[in-house]
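Encoded as structure tokens, the structure appears first; notes follow it.
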Amino acid sequence: MSISVFDVLKERGYIAQCTNEDEVRAMLENEKVTFYIGFDPTADSLHVGHFLGLMVMSHLQKAGHRPVCLVGGGTGTVGDPSGRSDMRKMLTDEDIEYNCNQFKKQMARFIDFSDGKALMVNNGDWLRKLNYIDLLREVGAHFTVNRMLAAECYKNRMEKGLTFLEFNYMIMQSYDFLELHRRYNLKLEMGGDDQWSNIIGGVELTRRITGDAVYGLTFTLLTKSDGQKMGKTAGGALWLDKEKTSPYDFYQYWRNVDDADVERCLALLTFLPMEEVRRLGALEGQEINEAKKILAYEVTKLVHGQEEADKAKAAAEAVFGGSGSSENMPTVELTAEDAAKKLVDVLVAAEVFGSKGEARRLIQQNGLSLNDEKVTDPDYTLSEGNFTDGEAIVKKGKKKFYRLLKV
RNA sequence: GGGUAGGUGCCCGAGUGGUUAAAGGGAACGGACUGUAAAUCCGUCGCCGUAGGCUACGAUGGUUCGAAUCCAUCCCUGCCCA
């Protein structure tokens, strides 16, 4: 083995905190380590934040270690208060089960689960069976409330109110580590940096009860250079589910990241060699657009596959490069009847706009074009002449394109 | 359970009887500038619409010509006390 995975992770900028850097490095160099990352089923799709964790897992798996993907069928019922300023919405059991299944499907694209090379487990399998008194006696005795209250992750909530329900989240997550250690001799828990408190909880609990050496490591959160969370779009998160965020939109998101974030994103979200990452990140001015294209393509390829990435790229080039093909643009299908209605009504019906007011406003602000011509009349009505081969192109703002297609 | 401070638009936050669709900021969106970037500047930012109307300030009911603003009950949250 030439270079240690640990150093790879470090070089690419993944690592935020580690319980003991030297020991973890040594462990990863000398043995096959079983490790885990937990994913709580708070929505019906994974998003880019999760993707970062999957990248880390993938790096480690390629280095011969065994990932355990833990879906939080149990912890999801409680809600992690870490770093949050308000309580999470309570999910029904059905939601949780559904979401867990969605997660599983998506994760299978990034992690190789064949031949036991990785495991998928659900902490609901053990957490839901726990008996309160037994748990208190076995686990509760090892936590001091004083310490828990001092944890960084509760800071926000100490002002706004933290329920006992959520306060217990740390205990549940810690127990997960213990349980996984017992079942699979798992030795390392990883998570986003906001999980640090929860992770050391598990490390300490497992050490105390079993006496075994176990470790924790957090990876950096995906933030922009100005500190804001990355992966936020108008519609909310940047989802990995193509029904929730289309491959085209996904591609465009990365195509448009800030100059300052390109290198970081390439390092964290693609497998390009670091020399290449650094080279691309060093490009300046106009040229850095090349780096962004590569970033967008590579990330989209990882998440949606090569075919979708090619389509997204082609669509983007068609739209911004001026070369014809509109095939891969988001398409609005129109009946003959629709094709003679007011443009505004058609676009609202297609959910291109949230309301007519919004659409009118955009027209008044000169932000809407039909086939490259500004639409100036809010009451503009579609007619035969707008369509070429049954197709018309609508441009919303500067970079959102839609294809109207008569069917 | 008692006391007390609160619950306002996507978020933060002003407003305490009409002039308030509701100050200000942030986010978002459009335009200019550019490199499909950032920063900056200008504009927009509840819904339908020509006017005008409708719906909104935790919930419900009430007082009033008129309420986010007053009263009652209820729900929720912080803090202090038990």
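This is a predicted model, so every value here is computed, not measured. Throughout, a chain's letter reflects where its sequence line sits, starting with A, and its residues are numbered from 1.
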Verify whether one side chain among Gln173(A) and Asp80(A) offers a donor that lies under 3.5 Å from an acceptor in the other. no
What I want to check is whether the side chains of Asn256(A) and Lys399(A) have a donor and an acceptor closer together than 3.5 Å. yes
Does any nucleotide pair with [N] by Watson-Crick or G-U wobble geometry, both distances under 3.5 Å, and what is it?
{"N": "G1(B)", "answer": "C81(B)"}
{"N": "C70(B)", "answer": "G62(B)"}
{"N": "C10(B)", "answer": "G26(B)"}
{"N": "A39(B)", "answer": "none"}
{"N": "A56(B)", "answer": "none"}
{"N": "U50(B)", "answer": "none"}

Distance between [atom1] atoms of [N] and [M] (Å, rounded):
{"N": "C65(B)", "M": "C12(B)", "atom1": "P", "answer": "37 Å"}
{"N": "G1(B)", "M": "U16(B)", "atom1": "P", "answer": "32 Å"}
{"N": "C70(B)", "M": "G18(B)", "atom1": "C1'", "answer": "14 Å"}
{"N": "U77(B)", "M": "G15(B)", "atom1": "P", "answer": "25 Å"}
{"N": "C47(B)", "M": "U55(B)", "atom1": "P", "answer": "16 Å"}
{"N": "C10(B)", "M": "G61(B)", "atom1": "P", "answer": "23 Å"}
{"N": "G53(B)", "M": "G58(B)", "atom1": "C1'", "answer": "27 Å"}
{"N": "U8(B)", "M": "A14(B)", "atom1": "P", "answer": "11 Å"}

Give [X] one of three labels, base, sugar-phosphate or nothing, depending on what nucleic acid heavy atoms sit under 4.0 Å from its own.
{"X": "Val262(A)", "value": "nothing"}
{"X": "Lys292(A)", "value": "base"}
{"X": "Gln364(A)", "value": "nothing"}
{"X": "Leu368(A)", "value": "nothing"}
{"X": "Gly397(A)", "value": "sugar-phosphate"}

Between [N] ([atom2]) and [X] ([atom1]): distance, integer Å:
{"X": "Phe353(A)", "N": "C47(B)", "atom1": "CZ", "atom2": "P", "value": "13 Å"}
{"X": "Leu162(A)", "N": "U77(B)", "atom1": "CG", "atom2": "C1'", "value": "13 Å"}
{"X": "Arg255(A)", "N": "U34(B)", "atom1": "CZ", "atom2": "C1'", "value": "13 Å"}
{"X": "Phe320(A)", "N": "A37(B)", "atom1": "CZ", "atom2": "C1'", "value": "13 Å"}
{"X": "Leu283(A)", "N": "A38(B)", "atom1": "CG", "atom2": "C1'", "value": "17 Å"}
{"X": "Lys400(A)", "N": "G31(B)", "atom1": "NZ", "atom2": "P", "value": "9 Å"}
{"X": "Arg360(A)", "N": "C47(B)", "atom1": "CZ", "atom2": "C1'", "value": "12 Å"}
{"X": "Glu358(A)", "N": "C47(B)", "atom1": "CD", "atom2": "P", "value": "7 Å"}

Taking the side chain of [X] as heavy atoms from C-beta outward, which of [options] is closest to it?
{"X": "Lys398(A)", "options": "C29(B), A37(B), G31(B)", "result": "G31(B)"}
{"X": "Asn256(A)", "options": "G31(B), G35(B), U36(B)", "result": "U36(B)"}
{"X": "Gln365(A)", "options": "G30(B), U36(B), U50(B)", "result": "G30(B)"}
{"X": "Asp258(A)", "options": "A38(B), U36(B), G31(B)", "result": "A38(B)"}

Would you say the side chain of [Y] lies within less than 4.5 Å of the side chain of [X], judging by non-hydrogen atoms?
{"X": "Arg207(A)", "Y": "Val214(A)", "value": "yes"}
{"X": "Phe320(A)", "Y": "Gln252(A)", "value": "yes"}
{"X": "Leu178(A)", "Y": "Ile209(A)", "value": "yes"}

Relative to the 5' end of RNA chain B, which residue comes earlier, Gly354(A) or Asp259(A), by the nucleotide with the nearest heavy atom? Asp259(A)
On RNA chain B, does the nearest nucleotide to Tyr251(A) precede the nearest nucleotide to Lys396(A) from the 5' side, or the other way round? Give the residue. Lys396(A)
For a salt bridge (charged side-chain N to carboxylate O under 4.0 Å, His left out) with Lys406(A), tell me which candidate from Glu384(A), Glu391(A), Glu337(A) qualifies. Glu384(A)
Where does the angle between the aromatic ring planes of Tyr154(A) and Phe167(A) fall among parallel (under 30°), tilted (30 to 60°) and perpendicular (over 60°)? tilted
So does [X] get a side-chain nitrogen or oxygen closer than 4.0 Å to the phosphate oxygens (OP1/OP2) of [N]?
{"X": "Lys399(A)", "N": "A37(B)", "value": "yes"}
{"X": "Ser355(A)", "N": "G46(B)", "value": "no"}
{"X": "Arg361(A)", "N": "A28(B)", "value": "no"}

Given 3.5 Å as the limit, does a donor-acceptor pair link the side chain of Asp345(A) with the main chain of Lys341(A), or not? no
